[in-house]
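All remarks here apply to the structure that follows.
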Amino acid sequence: MCGLFIPRHFSLRKVGMVTMRKKLSQEERQALERLRHSAAHVMADAVLTLFPEAKLTIGPPTEEGFYYDFDVPRPFAPEDLARIEEVMRQRVTADLLFVRREVSREEALRLFAGNPYKVELIREVPEGEAISTYTHGSFTDLCRGPHVESTGRIKAFKLLSAAGAYWRGDERNPMLQRIYGTAFEAQDDLDQYLQRLEEAQRRDHRKLGRELDLFSIHDEVGPGLVIWHPKGATIRSLMEEVWRAEHRRRGYQLVYTPHVGRARLWATSGHLDFYSENMFPAMELEGAQYYAKPMNCPFHIMYYQSAMRSYRELPLRVGELGTVYRYERGGVLHGLMRVRGFTQDDAHIFCRPDQVEEEVLGVLDLTVHLLGLFGFREFEVRLSTRPAKHVGEPGQWKMAEDSLRHALEGRGLQYEVDEGGGAFYGPKIDLDIRDAVGRAWQCTTVQFDFNEPQRFALTYQGPDGRLHQPYMVHRAILGALERFLGVLIEHYAGAFPVWLAPVQAVVIPIADRHNEYANSVEQTLKDRGLRAEVDDRSERMQAKIRAAQLQKVPYMLVVGDREAANGAVAVRLRSGEDLGALPLAQVVQRIVDEVQARG
RNA sequence: GCCCGAGUGGCGCAAUGGCAGCGCACCCGAUUUGUAAUCGGGUGGUUGGUGGGUUCGAAUCCCCCCUCGGGCUCCA
């Protein structure tokens, strides 16, 4: 079965987090981790002070800060965080030393005898590895360290939130209470981080989606199912247009396939065996069962199989903006980012062994190009290789992995390797984009599939006259249009570049007597293919400008007596810049040029 | 799914056991305005549920369900 698996406990925060803009050196990162880990200890100290019955579990530093999980009788309330923070400040002011002590396994077990979590951890420490505790003031915790010298070092910190979390992330385990916080070397860094958090909230696509009238989600329809409003649909269809054009240019065959298919198909593909918990339940029709498609691959395979294939036809690149439906558990749905019905910019490449590398390279070229069009130039790339449990031959895997590696290197992309992190059916490349706030989002995935060609017994006739099995590469570049648009909204904070803006220009008549001229301006713009509107409400010009600003319309064209007399428009940009009165023809050309340059 | 929190006109909020209210949006009227909100009037909610309970009385307290929000291994 083909790809786009998402881990069960995929956390949006994990990929969508607000990271530091500047790259830290190895030493700087370790120093920061030490500071945050120490802050976690001070927090645990404070929690024990206020809630003596709390049991400590784990409290690591994270990329954004730190957390500590506690076993407590009742969950923490927001007021508790303030009190905990208060006690933490006292500890920081007291400037207590962190003291390391190595202990024997027996002593450690004795020290933490009342705490089953710590006991479990101690038992897991490998034989021969030192077990240590760290103490500051009257607080001692089992800890590998290292820590800062003293609590006085922890000046810039803040507790952020409390939430439930399972012991070791496993829902079969007891639920603990987690407190998140963050700490930085300098107050300045902390302030900047908090500002970025606010900025991220300001850009929240759910908020902007409503304010800019882009989409809505309704109880009546169902959670995770999106209604695109005209303005959101405009952006989406523009995305689709460039996508299609770019794919045709690169030799993709574009198809349309149904949204449902018979159970037999999904049995053959393996989805019923391995993916059914993510599928909508079956519908019954004329005694046969049908499923909404969670993936497009079986349909693309049907196209492949609709004729005898020759080696001369390969590579066959079959693409589709294919809408799929997946059951996502209630708690993980999130605006456009995580939905139950979404459209993948999907394609499957069927090719010969000697074509594999070039095909992967082609996909990466297309990826860099397409993402670049939408303003993304920073990527994080991960290559995932063969896991212990897998299908296919070692030779196939090696060839596939090599081709992925070579393509990445050929394209000059830096990447990390996740050894054994591939799917059971093939190795893959995942690519995250970084948005304007510095957050990473997973979009692109390129996955080999050694499973389905076999299950469907795909063949092509080679020059030797015999039948061979093609390689199959599954790939999505934007990922899901819904998520990509969500990312795009936040990336641009709703102020889309002119070529994507749902309304590119609003014509603002100053008084009713200018409406006629305003309408003619609008028509001129529309005749040149631009998306324009007239605000002919009986409002003051200031109010119309405000409305257009809030809608983040790139061009505001004010027309009054002077402009009407001269065939001109007074141009205001959404930046607030006033270009003054210009001949209409000149302004139209400017906007058209900007659209053409995809500015 | 699990923990915590929240659901009040289209949107943002108020009312904490005693008459459901405000702002924006929308509609009507007046106004005709030169770069981020003109004035006045009006329509609109059986408070997520054609759920259950407590009470003389429920937006408010309790239970169930639904939806949304923050989280749910970056292992001492």
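Chain letters run A, B, ... following the sequence lines, proteins first, then strands; residues in each count from 1.
- Side-chain N/O atoms of Asp512(A) and base N/O atoms of U32(B) include a donor-acceptor pair closer than 3.5 Å.
- An OP1 or OP2 oxygen of G70(B) is reached within less than 4.0 angstrom by a side-chain nitrogen or oxygen of Arg206(A).
- Within 4.0 Å (heavy atoms only), Ile131(A) reaches at least one base atom of the nucleic acid.
- Nucleic acid contact class of Ala548(A) (heavy atoms, under 4.0 Å, all strands): none.
- Proximity of Phe280(A) to Tyr291(A): side-chain heavy atoms (C-beta onward) are nowhere separated by under 4.5 Å.
- No donor-acceptor distance shorter than 3.5 angstrom exists from the side chain of Arg34(A) to the backbone of Pro146(A), with no hydrogens or angles considered.
- Counting non-hydrogen atoms under 4.0 angstrom, Pro75(A) reaches the backbone sugars and phosphates but no base.
- With a cut-off of 3.5 Å on both pairing distances, A58(B) has no Watson-Crick or G-U wobble partner at all.
- Between Arg168(A) and Glu124(A) there is a salt bridge, with a side-chain nitrogen of the basic residue lying less than 4.0 Å from a carboxylate oxygen of the acidic one.
- Counting any heavy atom pair closer than 4.0 Å across all strands shown, Glu129(A) reaches a base atom.
- Rounded to an integer number of Å, the gap from Ile179(A) CD1 to C3(B) C1' is 14 Å.
- The residue Asp69(A) sits apart from the nucleic acid: no heavy atom pair falls under 4.0 Å.
- Backbone-only engagement by Ile58(A) is indicated by non-hydrogen atom pairs under 4.0 Å involving sugar-phosphate atoms exclusively.
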Any N/O pairs under 3.5 Å between the protein and nucleotides 36-43 of chain B? List them or say none.
unit_1, atom_1, unit_2, atom_2, d
A36(B), N7, Arg572(A), NH2, 3.2
A36(B), N6, Gln549(A), NE2, 3.2
A37(B), N9, Arg546(A), NE, 3.3
A37(B), N7, Arg546(A), NE, 3.2
A37(B), N7, Arg546(A), NH1, 3.1
A37(B), N7, Arg546(A), NH2, 3.3
A37(B), N6, Arg546(A), NH2, 2.5
A37(B), N1, Arg546(A), NH2, 3.0
U38(B), OP1, Glu539(A), OE1, 3.1
U38(B), OP2, Arg540(A), NH1, 3.1
U38(B), O4, Ser538(A), O, 3.3

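- G12(B) sits 15 Å from C26(B) when the C1' atoms are compared, rounded to a whole Å.
- Between the P atoms of G10(B) and G17(B), the separation comes to 27 Å (whole Å).
- Between Tyr68(A) and Phe66(A), the distance separating the two ring centers is not shorter than 6.0 angstrom.
- Checked by distance alone, Tyr166(A) brings a side-chain donor or acceptor within 3.5 Å of a matching partner on the base of G1(B).
- Heavy atoms of Arg178(A) sit under 4.0 angstrom from primed sugar atoms or phosphate atoms, though from no base atom.
- Closest approach to the Leu333(A) side chain among U32(B), C68(B), G1(B) is made by C68(B) (side chain taken as heavy atoms from C-beta onward).
- Proximity note for Ser161(A) (side chain, C-beta onward) versus U33(B), C3(B), G70(B): the nearest is G70(B).
- Remark: P of U73(B) and CG of Asp71(A) are 17 Å apart, rounded to the nearest angstrom.
- In the set U32(B), U67(B), U73(B), the nucleotide with an atom closest to the side chain of Tyr67(A) is U73(B).
- Each of Val125(A) and Gly222(A) was assigned the nucleotide of RNA chain B with the nearest heavy atom; the assignment lying further toward the 5' end belongs to Gly222(A).
- Note: OH (Tyr180(A)) to C1' (G70(B)) measures 9 Å, nearest angstrom.
- Proximity of the aromatic rings of Tyr134(A) and His147(A) is defined here by a centroid distance below 6.0 angstrom, and this criterion is met.
- For His334(A), a side-chain nitrogen or oxygen approaches OP1 or OP2 of G70(B) to under 4.0 Å.
- Contact annotation: side chain of Glu211(A) to base of G12(B), donor-acceptor pair absent below 3.5 Å.
- Rounded to a whole Å, the CD atom of Glu220(A) is 11 Å from the P atom of U50(B).
- Taking the centre and axis of the six-membered ring of Tyr275(A), the NZ or CZ atom of Arg326(A) falls outside the cone set by 45° and 6.0 Å.
- Going from the C1' atom of C13(B) to that of A59(B) covers 14 Å, rounded to whole Å.
- Residue-level contact check: Gly335(A) touches the backbone only, with heavy atoms under 4.0 Å from sugar-phosphate atoms and none from bases.
- Contact annotation: Arg513(A) side-chain N/O to U33(B) OP1/OP2 distance is under 4.0 Å.
- Looking at Leu336(A) and Val226(A), their side chains come closer than 4.5 Å, going by heavy atoms from C-beta outward.
- Among the protein residues, Glu563(A) comes within range of the nucleic acid bases, having at least one heavy atom under 4.0 Å from a base atom.
- Side chains of Thr385(A) and Glu419(A): a donor-acceptor N/O pair is present below 3.5 angstrom, by distance only.
- Side-chain to base pairing of Arg210(A) with C11(B): no donor and acceptor N or O lie closer than 3.5 Å to each other.
- If you check every strand for non-hydrogen atoms under 4.0 Å, Ala130(A) touches a base.
- Judged purely by atom type and a 3.5 angstrom limit, Glu533(A) has no side-chain atom pairing as donor or acceptor with the backbone of Val506(A).
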